[in-house]
Amino acid sequence: MKKIISVMLGLLVMAFATVCFAAESYQMTYEAKNFTEEMKNNQALSETFTTPYGALKLQMRKLWQSSSDNRLHLIAWLDNNKIGDEYFPKVDYGYTFRVIKNTNNSEQFYVLQSIERACLFGYSPATKKMVVYIDSQNYAHDPGAYPYIVALKNGNLVLAFEKGNKCSRYQFNWDANANWFGYSDLGGGWSSVAKDKQ
């Protein structure tokens, strides 16, 4: 009888863990592909997003007289309080911007991506600042591989690197205890992420 109860409890714990893990799903809610290519010098574009913490406004300005290392200026405000200020270099083909939401807790994350680098930002309630949670420069990949941070059709959040017909992936899941993303190296051999992304 004790063995049956132990087995049943074990199955219940496994089922609960599976449901909790499966509950995390990511959804792309906004995308502007290569938006900086059409921007004029010193033009600023801004978007405001409703978050669990208030209204988050992001402004991106294409700077004219700055060095090529500081061509794109990103500023973030939360309810009119400045929470982020970053510069990004001039790049071929411009930047793509997308918003990805964790449907489990409504947290929003913001991707700025070029052919050289992809970063995923988010608001950190602990620091009251925008932080970089994922930076493609911190993950092993082939030199010259293009980085992509996307939500897949199955709800997974991945960082993919593609060069020719080679594609490798990392998968990310939110760790509530660490207040940060944990990840798994999924290795290579994948088809292009364009086929799987939302």
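Positions are given from 1 along the sequence. Just so you know, these numbers come straight off a predicted model, no measurement behind them.
Among residue pairs with one or both ends in residues 130-141, those qualifying as side-chain hydrogen bond (donor to acceptor under 3.5 Å, both in side chains) are Arg117-Asp135; sequence neighbours excluded. Residue pairs that meet the side-chain hydrogen bond (donor to acceptor under 3.5 Å, both in side chains) test with at least one member in residues 35-48, sequence neighbours left out, are Tyr30-Glu47.
Side chain of Thr103 to main chain of Ser25: a donor-acceptor pair is present (N/O by atom type, distance under 3.5 Å, no hydrogens or angles). Here the side chain of Ser66 pairs a donor or acceptor atom with the backbone of Asn70 at under 3.5 angstrom. A distance-only check finds no donor-acceptor pair linking the side chain of Trp180 to the backbone of Asn177 [under 3.5 Å]. Panel note: side chain Lys163, backbone Pro143; a donor-acceptor pair is recorded below 3.5 Å. Of the possible polar contacts, none joining the Gln59 side chain to the Ala76 backbone as a donor-acceptor pair under 3.5 Å is found. Side chain of Asn34 to main chain of Tyr93: a donor-acceptor pair is present (N/O by atom type, distance under 3.5 Å, no hydrogens or angles). Between the Gln113 side chain and the Ile149 main chain, a donor and an acceptor come within less than 3.5 Å of each other. Here the side chain of Glu86 pairs no donor or acceptor atom with the backbone of Leu72 at under 3.5 angstrom. Using modelled atom types, one side-chain atom of Lys153 and one backbone atom of Lys195 make a donor-acceptor pair closer than 3.5 Å. Between the Asp196 side chain and the Leu152 main chain, no donor and acceptor come within less than 3.5 Å of each other.
Follow the hydrophobic side-chain contacts under 4.5 Å out from Ile75 and you never reach Leu112; the two are in separate clusters. No single ILVMFWY cluster, assembled from side-chain heavy atoms under 4.5 Å apart, contains both Val99 and Met28. In the hydrophobic clustering of ILVMFWY residues, with side-chain heavy atoms under 4.5 Å counting as a link, Leu74 and Leu120 come out apart. Note on Leu157 and Tyr148: separate hydrophobic clusters, where clusters join Ile, Leu, Val, Met, Phe, Trp and Tyr whose side-chain heavy atoms are under 4.5 Å apart, directly or indirectly. Criterion: ILVMFWY side-chain heavy atoms under 4.5 Å apart, direct or through other members. Under it, Leu186 and Ile134 are not part of a common hydrophobic cluster.
The structure places CG of Asn81 at 10.0 Å from NZ of Lys128, a figure rounded to the nearest 0.5 Å. Going from atom OH of Tyr170 over to atom CG of Leu159 covers 7.5 Å, rounded to the nearest 0.5 Å. The CZ atom of Arg169 sits 7.5 Å away from atom CD of Glu162, with the distance rounded to the nearest 0.5 Å. The distance from atom CG of Asn173 to atom CZ of Phe181, rounded to the nearest 0.5 Å, is 8.5 Å. A distance of 9.5 Å separates CE of Met130 from CG of Leu78, quoted to the nearest 0.5 Å. In this structure, Lys101 NZ and Gln27 CD are separated by 5.5 Å, a value rounded to the nearest 0.5 Å.
Aromatic ring centres of Phe172 and Tyr26 lie farther apart than the 6.0 Å criterion allows.
Asn179 approaches Ala176 most closely through the heavy-atom pair OD1-O, 3.3 Å. The shortest heavy-atom contact between Ala145 and Phe161 is CB-CB, 4.0 Å. Between Ser191 and Cys167, the closest heavy-atom pair is O-SG, 3.5 Å. Closest approach of Ala151 to Ile100, counting heavy atoms only: N-CD1, 3.9 Å. In this structure, Phe109 and Gly122 approach most closely via the heavy-atom pair CD2-CA, 4.1 Å.
Counting heavy atoms from C-beta on, the side chains of Glu31 and Lys197 come closer than 4.5 Å. No side-chain heavy atom of Leu45 sits less than 4.5 Å from a side-chain heavy atom of Leu58. Two residues are said to be in side-chain contact when any heavy atoms from C-beta on lie closer than 4.5 Å; Lys166 and Asp142 meet this criterion. Side-chain contact between Tyr87 and Leu63: present, with at least one pair of heavy atoms (C-beta onward) separated by less than 4.5 Å. Proximity of Val158 to Val150: side-chain heavy atoms (C-beta onward) are separated by under 4.5 Å at one or more points.
With sequence neighbours excluded, the residues satisfying ring-ring contact (aromatic ring centres under 6.0 Å, His included) with Tyr123 are Tyr53.
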Next item on the list: Decide side-chain contact (heavy atoms from CB on, under 4.5 Å) for Asp79 and Leu56; before the verdict, give the C-alpha distance in whole Å, the side-chain angles of both, and the deciding distance to 0.1 Å.
Entry: CA-CA 6 Å; Asp79 292 334; Leu56 183 112; over 6 Å; no
Next item on the list: Go through Glu107 and Trp174 one step at a time and tell me if the side-chain contact (heavy atoms from CB on, under 4.5 Å) criterion holds.
Entry: CA-CA 10 Å; Glu107 291 281 353; Trp174 184 252; 6.0 Å; no
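Between Phe35 and Phe97, the angle of the ring planes goes over 60°, which puts this pair in the perpendicular group of the 30/60° scheme.
Seen from the ring of Trp77, Lys82 does not count as a face-on cation partner, given the 6.0 Å and 45° thresholds.
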